[in-house]
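Here is the naming used below: chain letters follow the sequence lines, and residue numbers restart at 1 for every chain. Just so it is clear, the structure is predicted and the values come from calculations on it, not from any experiment.
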Number of protein chains: 2
Amino acid sequence: MRYERKIPIPIECGLHLTKEVLGGKWKMSLINAIHAGIKRPARIEQAFPTLTKRVLSRQLKELEAHGIISKEIFPQLPPKVEYSLTPLGASLLPIIDMMDNWGNENRSFLEKVIEETRLMVEIGNHAH
Amino acid sequence: MRYERKIPIPIECGLHLTKEVLGGKWKMSLINAIHAGIKRPARIEQAFPTLTKRVLSRQLKELEAHGIISKEIFPQLPPKVEYSLTPLGASLLPIIDMMDNWGNENRSFLEKVIEETRLMVEIGNHAH
DNA sequence: ACCTATAGGGACAATTTTATCCCTATATCC
DNA sequence: GGATATAGGGATAAAATTGTCCCTATAGGT
């Protein structure tokens, strides 16, 4: 989330627009999950053990605000909510599929180089 | 860059592997530029006015370490370097094209909702 | 002697994104 | 009465990513 962003997003390019929509840590996974029928927040939470409720809630809210998913609220208690993909959201599925496939096809190589890169770069910068 | 990453990347999923490779702010743009023949750092810098040398250098280094681009050093002074896509890097082009197209096709809608989302969320969080 | 172009990185500040902790509200079940 | 499931968000801490500033080195031009 942001507070009066200081550094503008370079939106001249379609890439950055798409990145703004898909770039959140869990967004592509969420789109996949909703498309696969996991539509209620509590179910999504179970599906991704390391994704916490708070973060889930924010990513869903942004996806909704960006017109990628829509939210149906059932007037019940305890609350029931279901998300689904909008047509715009569904139009992202081919991209997400390609990315998932590319990652899986190159998994062994990528796991190796990602790990090596981490080691390499650890030296170059420091937390503070 | 990182210093002994504290929170591991969820690499069970191909999506997150791909995201680790393409997720940097300028990486997709750099792959595009290199593919388009803009191969020298100084040229790339000119092509992206808001991308500074330091950041460029880091993103290129990571792309190289991830096996996406390769670096040719010409033994000259002043230094001359050219980057090009590896076959692995070239295999990302279809994904990048799709993302660029999707963003451009939906540009007017996206610019609107991205702006609205920003306003919406400004209230919800604060810098510190 | 000085300036320019060139590629790269150290040190650190600023910004942005995620994570953690805890609280609200209510019908149903034990 | 008390626990449970449910969806969501405030406040704040932590982590990760980018940005800024400045320094190295050297051939060639003026």
Margin query: Suppose we call a contact any N or O donor and acceptor under 3.5 Å apart; does that hold for the side chain of A:Arg58 and the base of D:dG8?
Written below: no
Item checked: Minimum heavy-atom distance between A:Val21 and A:Lys27, given as atom pair plus value -> O-CD, 3.2 Å
Next item on the list: Verify the contact: side-chain N or O of B:Lys25 to OP1 or OP2 of C:dT15, cut-off strictly under 4.0 Å; return yes or no.
Entry: no
Next item on the list: Give a yes/no on whether any side-chain N or O of B:Gln76 is located under 4.0 angstrom from OP1 or OP2 of C:dA7.
Entry: no
Next item on the list: Check whether any side-chain nitrogen or oxygen of A:Lys6 sits under 4.0 Å from OP1 or OP2 of C:dT15, and answer yes or no.
Entry: yes
Check: Rounded to whole angstroms, how far apart are CD1 on A:Ile69 and P on D:dA7?
Finding: 13 Å
Notebook entry, point to check: How close do A:Cys13 and B:Asp100 get, heavy atom to heavy atom, and via which atoms?
Noted result: SG-OD1, 3.8 Å
Margin query: What's B:Val81 touching, base or sugar-phosphate or nothing? Going by heavy atoms closer than 4.0 Å.
Written below: sugar-phosphate
Check: Of all of residues 43-52 of chain A, which get a heavy atom below 4.0 angstrom from DNA chain D, listed by number?
Finding: A:Arg43
Item checked: Partners passing salt bridge (Lys or Arg N to Asp or Glu O under 4.0 Å) against A:Arg107 (at least two apart in sequence or in another chain) -> A:Glu111
Notebook entry, point to check: Out of curiosity, does A:Phe74 fall in the hydrophobic cluster containing A:Tyr83 (side-chain heavy atoms, cut-off under 4.5 Å, transitive links)?
Noted result: no
Check: Does A:Lys71 place a side-chain N or O at less than 4.0 Å from the phosphate oxygens OP1/OP2 of D:dG8?
Finding: yes
Check: Reading nucleotides 22-30 of chain D 5' to 3', which nucleotides get B (base under 4.0 Å from a protein heavy atom), which S (sugar-phosphate only), which -?
Finding: ----SS---
